[in-house]
2 protein chains.
Amino acid sequence: MVTSRDVARLAGVSQPTVSRALSDHPRVSEATKARVREAAKALGYAPNAIGRALSTGRSTRIGLVVTDLENQFYTHLVAPLHRELEELGHELVLITESASSASLAERVAAYGLAAVVLSTTTTDSIQPARLRDRGVPFVYLNRTAASIDADSVTVDPEPGLRALLEDAIARGHRRFGAVFGPRNTSTGELREQVARTVLDEHGLQLAHRDVLHGPFDFATGHAGMTTLLDGGDPPTLVLFGNDVVALGGLNAAVERGVAVPGVVSVAGFDDLPTSGWALVRLSTVAYDLDAVAREAARLVVARLEEPGSEFRHVVHPTRYVARATIGPPRS
Amino acid sequence: MVTSRDVARLAGVSQPTVSRALSDHPRVSEATKARVREAAKALGYAPNAIGRALSTGRSTRIGLVVTDLENQFYTHLVAPLHRELEELGHELVLITESASSASLAERVAAYGLAAVVLSTTTTDSIQPARLRDRGVPFVYLNRTAASIDADSVTVDPEPGLRALLEDAIARGHRRFGAVFGPRNTSTGELREQVARTVLDEHGLQLAHRDVLHGPFDFATGHAGMTTLLDGGDPPTLVLFGNDVVALGGLNAAVERGVAVPGVVSVAGFDDLPTSGWALVRLSTVAYDLDAVAREAARLVVARLEEPGSEFRHVVHPTRYVARATIGPPRS
DNA sequence: TCGGGTTGTGCATACGCATACAGTGGCTGG
DNA sequence: CCAGCCACTGTATGCGTATGCACAACCCGA
């Protein structure tokens with residue numbers, strides 16, 4: 001391993017001078033800087049992040065806490081987040097909440113993470129509270145927790161979801177079903193609430209038996225659609241908590257030969273790339289997921305640079321994307 | 001931040017004793033261990049990975065080098081790899097090869113990574129060579145490089161691909177087209193070679209104009225299928241480099257109303273979960289991707305523990321999964 | 001010509017942990 | 001009863017970097 005001491009020796013200076021030269025300290029002469037840079041290059045030197053982190057007390061490593069890496073949604077969230085963090089000179093460490101091991105806060109401390117992006121779905125505020133108590137900066141991504149404030153990037157489901165539902169109502173739908181996300185989820189709850197409000201405004205409501213809940217995954221949608229279809233007189237449109245769930249529902253319908261939108265219409269939320277496929281054509285609510293993820297990256301980094309600043313709450317708008325899975329209701 | 005010194009003070013012992021007690025050193029009395037553990041728990045102490053890494057010279061952080069995080073294939077690779085690494089007490093750091101920044105080897109050194117899993121597709125052996133020169137352990141995942149040896153987990157396309165092609169031939173296909181992966185790719189090259197061999201054995205071959213190449217992504221498949229369909233007298237079956245590419249091709253066909261498998265049959269490779277959807281039903285070559293990823297994790301960790309041991313080359317078998325996208329050729 | 005400021009560099013040290021080594025008791029056996 | 005050993009635990013140190021401080025050399029104006 002090449003250390004700054006090796007570089008110092010080759011450049012004929014002291015180790016601290018190497019450190020200063022490479023970080024472009026103004027008190028180092030240009031000549032020395034050039035010599036040091038050359039020596040560093042010759043040896044293939046790169047400052048050791050471990051040593052630096054230990055010395056400065058901060059690290060450039062940022063944790064992303066997710067529930068289900070296998071979930072397609074996270075793919076499209078991790079990629080831009082990672083890209084942006086990398087551009088800002090930070091690294092991404094993935095963390096899943098495995099109940100088995102230590103508490104999140106402890107693991108953050110152990111891993112030496114500078115900050116954390118919380119993208120787990122549950123509103124459970126124990127973890128945020130612990131993070132705050134430990135002084136670990138964190139940012140909410142696509143979720144919030146009522147009791148603990150922090151920077152956040154979220155999505156306002158209202159415009160998109162309203163447009164979607166009003167389109168459905170205009171087409172003649174009256175019996176709506178829903179497979180929402182988990183109950184203790186800020187995003188899920190908000191979407192459900194908006195949906196109920198919009199329907200209510202049109203004198204409609206969700207019958208209790210037509211509303212299901214479950215994790216934001218394929219299986220939930222699949223099982224949900226199956227249940228709704230198995231019940232007598234299924235709803236004419238099923239609203240899903242997000243696209244991954246909707247895709248599960250859509251496939252369940254296709255599997256049993258139930259025409260979409262001929263027999264049931266299907267609505268999603270997120271507009272994942274898959275939803276736009278010619279094979280799928282899912283009608284859904286869209287927003288700029290890429291921008292949301294990048295925004296989260298910028299917020300964390302900003303928080304690290306200005307720890308005392310006021311919390312920022314960025315909200316992205318949504319819009320309705322009408323494709324092929326919402327049609328007129330069966331007569 | 002809670003340090004081992006704080007724990008030491010509370011437990012009434014010295015800092016090194018804390019270190020030893022928590023790592024279950026045999027020369028520490030049970031009574032002391034208990035006291036230390038209690039103090040650690042009371043303070044919520046977790047050993048700082050930075051300090052530990054600096055002290056021991058090794059870290060538990062393992063890098064995963066990928067090309068395209070957005071790619072669905074990597075989703076199903078990252079998730080199990082991460083899970084396995086976590087179980088083995090290691091962390092995962094994502095690295096994408098952005099040409100802009102420093103060389104991979106330098107970044108590995110800078111990040112303080114203990115080892116690296118190389119899952120980028122290109123056979124370019126510059127990076128492996130540099131890693132070797134720096135003494136950074138690494139493992140090939142789903143790729144190899146001829147010139148530089150290392151532990152590897154790969155897939156043998158032969159059985160699955162042979163079965164797939166022989167089924168297609170038995171159904172009457174004679175004109176095959178292909179959209180393979182990038183040229184300088186060990187997996188892509190191997191699949192192409194196997195395909196050509198099997199076809200050759202049956203007195204068939206791939207016409208030059210029917211063979212395309214490109215990155216392993218959706219766009220490649222989409223463009224490839226479009227090109228093949230636009231040429232006069234397209235092949236009756238198009239073999240794709242992998243499922244992600246095949247899904248691109250499949251959607252391109254659907255978009256222009258070309259029936260699959262009525263007009264063209266489509267074959268993939270990987271058997272991603274999406275390929276099994278009722279909406280998709282892609283005929284493809286399957287293997288246990290989950291196991292492959294976990295195997296890679298175990299290999300890296302084993303390599304860290306026994307640096308001198310012989311390189312292991314694990315090869316997973318494949319099998320043909322006949323679904324709905326391969327039918328009889330159009331007459 | 002000399003004091004005060006500026007510029008450039010080295011010295012000393014700290015970060016949190018692990019570990020080689022030294023030391024302190026208590027115990028056993030001769 | 002004491003040499004010798006073992007079981008514990010503390011002291012000292014190092015990992016690679018950053019940074020406060022001291023210091024040397026130089027410059028400038030009075």
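Source: prediction; values computed, not measured. Side chains included, hydrogens not; waters and symmetry mates left out as well; all remaining heavy atoms used.
- Screening A/Val300, A/Ile62, A/Val301 against A/Val139 for a side-chain contact (heavy atoms from CB on, under 4.5 Å) leaves a single residue, A/Val300.
- Judged by distance alone, the side chains of B/Tyr74 and B/Thr67 do bring a donor and an acceptor atom under 3.5 Å apart.
- Note: CG (A/Leu54) to P (C/dA14) measures 13 Å, nearest angstrom.
- Contact check, A/Ser55 against D/dA18: no side-chain N or O comes under 4.0 Å of OP1 or OP2.
- Minimum atom distance to the side chain of A/Arg27 is reached by C/dT9, of the listed C/dT9, D/dT9, C/dA18.
- Protein atom CG of B/Asp24 is 16 Å distant from nucleotide atom C1' of C/dA18, rounded to whole Å.
- Of the candidate nucleotides C/dC17, D/dA18, C/dT19, C/dC17 has the atom lying nearest to any side-chain atom of B/Ser4.
- Atom-to-atom, OH of B/Tyr111 to C1' of D/dT17 comes out at 18 Å; the value is rounded to the nearest Å.
- Atom CD1 of A/Ile50 and atom P of C/dA18 are 13 Å apart (whole Å).
- For the residue pair B/His90 / B/Thr60, no side-chain donor-acceptor distance below 3.5 Å is found, with atom types taken as modelled.
- If you run side-chain contact (heavy atoms from CB on, under 4.5 Å) between A/Val93 and each of B/Leu94, B/Leu92, B/Val93, only B/Val93 comes through.
- Between A/Arg132 and A/Phe138 the shortest heavy-atom distance is N-CE2, 4.1 Å.
- The phosphate of C/dT9 has OP1 or OP2 within less than 4.0 Å of a side-chain N or O from A/Ser29.
- Both A/Gly51 and A/Thr17 sit near DNA chain C, but only A/Thr17 has its closest nucleotide nearer the 5' end.
- Rounded to an integer number of Å, the gap from B/Leu22 CG to C/dT19 C1' is 15 Å.
- The CG atom of A/Asn48 sits 14 Å away from the C1' atom of C/dG16 (whole-angstrom rounding).
- Distances shown here put every side-chain N or O of A/Arg52 at or beyond 4.0 Å from the OP1 or OP2 atom of D/dG16.
- Rounded to whole Å, the distance from NE2 on A/His25 to P on C/dG8 is 10 Å.
- For B/Arg5 and D/dT9, the CZ to P distance is 18 Å, given to the nearest whole Å.
- For B/Pro16, the listed nucleotide lying nearest its side chain is D/dT11; candidates were D/dT9, D/dT11, C/dT9.
- Taking every side-chain heavy atom of B/Thr32 into account, D/dC8 is the closest of D/dC8, D/dT19, D/dT11.
- A donor-acceptor contact under 3.5 Å is not formed by the side chain of A/Arg20 with the base of C/dG8.
- For the pair A/Ser19 and B/Gln15, both in contact range of DNA chain D, the more 5′-proximal nearest nucleotide belongs to B/Gln15.
- Taking only side-chain atoms of A/Thr3, from C-beta outward, the nucleotide of C/dA18, D/dT9, D/dG16 with the closest atom is D/dG16.
- Looking at heavy-atom distances under 4.0 Å, A/Val13 makes contact with sugar-phosphate atoms alone, never a base.
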